Protein chains: 2
Amino acid sequence: MNQVIGVIDSGIGGLTVAKEIMRQLPNETIYYVGDTARCPYGPRPADEVKEYTWEMTSFLMKYDLKMLVIACNTATAVVLEEIKSKLQIPVIGVISPGARAAIKTTQNNRVGVLGTVGTVKSEAYVRELHQIKNKVEVTQLVCPKFVPLVESSQYHSAIAQKVVKETLTPLKGSEIDTLILGCTHYPLLGPLIKQEMGPGVKVISSGEETAREVSAILHYNKTISIQKEPPDHRFFTTGSVDIFHQIASDWLKERKLHIQSVRLGRYLTHSADN
Amino acid sequence: MNQVIGVIDSGIGGLTVAKEIMRQLPNETIYYVGDTARCPYGPRPADEVKEYTWEMTSFLMKYDLKMLVIACNTATAVVLEEIKSKLQIPVIGVISPGARAAIKTTQNNRVGVLGTVGTVKSEAYVRELHQIKNKVEVTQLVCPKFVPLVESSQYHSAIAQKVVKETLTPLKGSEIDTLILGCTHYPLLGPLIKQEMGPGVKVISSGEETAREVSAILHYNKTISIQKEPPDHRFFTTGSVDIFHQIASDWLKERKLHIQSVRLGRYLTHSADN
């Protein structure tokens, strides 16, 4: 059973999910697609997000996938159900694992959600939280400046600190005890967000929670990998291989990465080994 | 979709799982069987545990179950795979959710497991942990005095404090950073165990983790309940209804509980409404 787990994202944010899958399921092989050239998806119309996400999905379907993880909140909100209904393999999004973890964590039933315009507008987290537990009070906050900060590798900078502080100001008066990072890019700003919110607020990372559920579903379906050789992960990006390499090797603490350039759109081709 | 979730345990320990399912999935109805009269299962031979667990399962199968949760580590270790292979509905045990949560939590890959003789001897946690991540070092510890303390309602007592302190002594030199409560009775001793182990050790409760996975699997199978009326839980015990009521109402913080006596064994009958 040497099939791979496909992970797709609008850019490099989904690496937070991939990293957690690697840590929690070290025998699994991941094929990752980051649509860096067309990132961010957050402000795009739903039709475009749907089209691009299907393009990444189609590209990966030629490999022997056992599961597809949509590691992008915007894409999950827009197109998870449609992709799920059309593929034979399990398809996991990042919204319901985050929502479930928040319900497990909150003691006062007040949960905050940070997200992109697309995710917040879709109200996907609110729906998901209320479907499970309708007495949870949800406060959403759009953080439009976070993704560009991460994609431009500035997530350690003083500017990042300033932006995080300013963006989170509206949450300061709220009584939330749990905060969902409703975008897979945000865990790279996680330390700054935690510092800003203080110890009274537990921060939920979609990445960790989704990896946990990937593990549960693989186990449930008896498709967990038992191979003992080190897995051979592959990364595909629609943008610059060099920039992708720089961020991915920093985030994954791994210099040797198999990264390829891929062109998505009308012609699905890939080339330029790195 | 008003089917119920069956939860079975050797006694009242599985209430820690039931309570978490109620908290994390407040729309779901639970039918619980506690085999209090034959508790503890831990020291019993595997054949007996298998027989008793099948008896609880058969008893519940006459209801419209959508899922069965084996909320007893000993029974999970011995008979989960067999029951899983014979029922059409999803069957969830408490071992792999606990193992997965420990893998997510540990930073130094050193994990402790507290369990009954049966669970520890079966090495079910060790196998589960190593199947997922073989570099995790596992230290197991048998805690034979914990279940009787809980079943006799002494989990708040000074004796409990002394027993916990003495039992955990062998773990004091180890470098574990994560400790799995590998028996669903143990969370009732959770505060004492946490206090004894100190802040450097994260304590994993099977109950919380199993509830989380129940939620994930219901969601994955699209069988989550969307009813809005309060659920009508039922509890069946092979032992004293009064003692069961006393412990269950204390633990669930709910005085009005629908508890019935049930006789398991050759004749599967139930009677004596309470």
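Excluded from the calculations below are hydrogen atoms, water molecules and symmetry mates; all remaining heavy atoms, backbone and side chain alike, are included. What you see is a predicted model; the values in this text were computed from it and never measured. So you know, we letter chains A, B, ... as the sequences are listed, proteins then strands, and number each from 1.
- At a 4.5 Å heavy-atom cutoff, A/Asn109 makes no contact with chain B through either its backbone or its side chain.
- For chain A, the nearby parts of B/Ser215 are the backbone and the side chain; heavy atoms of each come within less than 4.5 Å.
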*asked:* side chain to side chain contact (heavy atoms under 4.5 Å, CB included), that's the test. Do B/Val91 and A/Tyr220 meet it? Break it down for me.
replied: CA-CA 9 Å; B/Val91 184; A/Tyr220 175 71; over 6 Å; no
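- Annotation: maximal heavy-atom pairing with chain A below 4.5 Å, among B/Ala211, B/Ala101, B/Ala216, occurs at B/Ala216.
- Contact residues of residues 74-89 of chain A toward chain B are A/Glu81, A/Lys84 (heavy-atom distance under 4.5 Å).
- Identified by a heavy-atom distance below 4.5 Å to chain B, contributing residues of residues 248-255 of chain A are lacking entirely.
- Between B/Glu213 and A/Arg100 there is no salt bridge, since none of the side-chain N atoms of the basic residue sits less than 4.0 Å from a carboxylate O of the acidic one.
- Ranked by non-hydrogen atom pairs under 4.5 Å with chain A, the options B/His219, B/Lys135, B/Arg212 are led by B/Arg212.
- B/Lys19 pairs by the side-chain hydrogen bond (donor to acceptor under 3.5 Å, both in side chains) definition with nothing, not counting sequence neighbours.
- By a heavy-atom distance cut of under 4.5 Å, A/Glu128, A/His130, A/Gln131, A/Ile132, A/Lys133, A/Asn134 are the residues of residues 121-134 of chain A near chain B, going up by number.
- The backbone N or O of A/Lys104 sits less than 3.5 Å from a side-chain atom of B/Arg23, completing a donor-acceptor pair.
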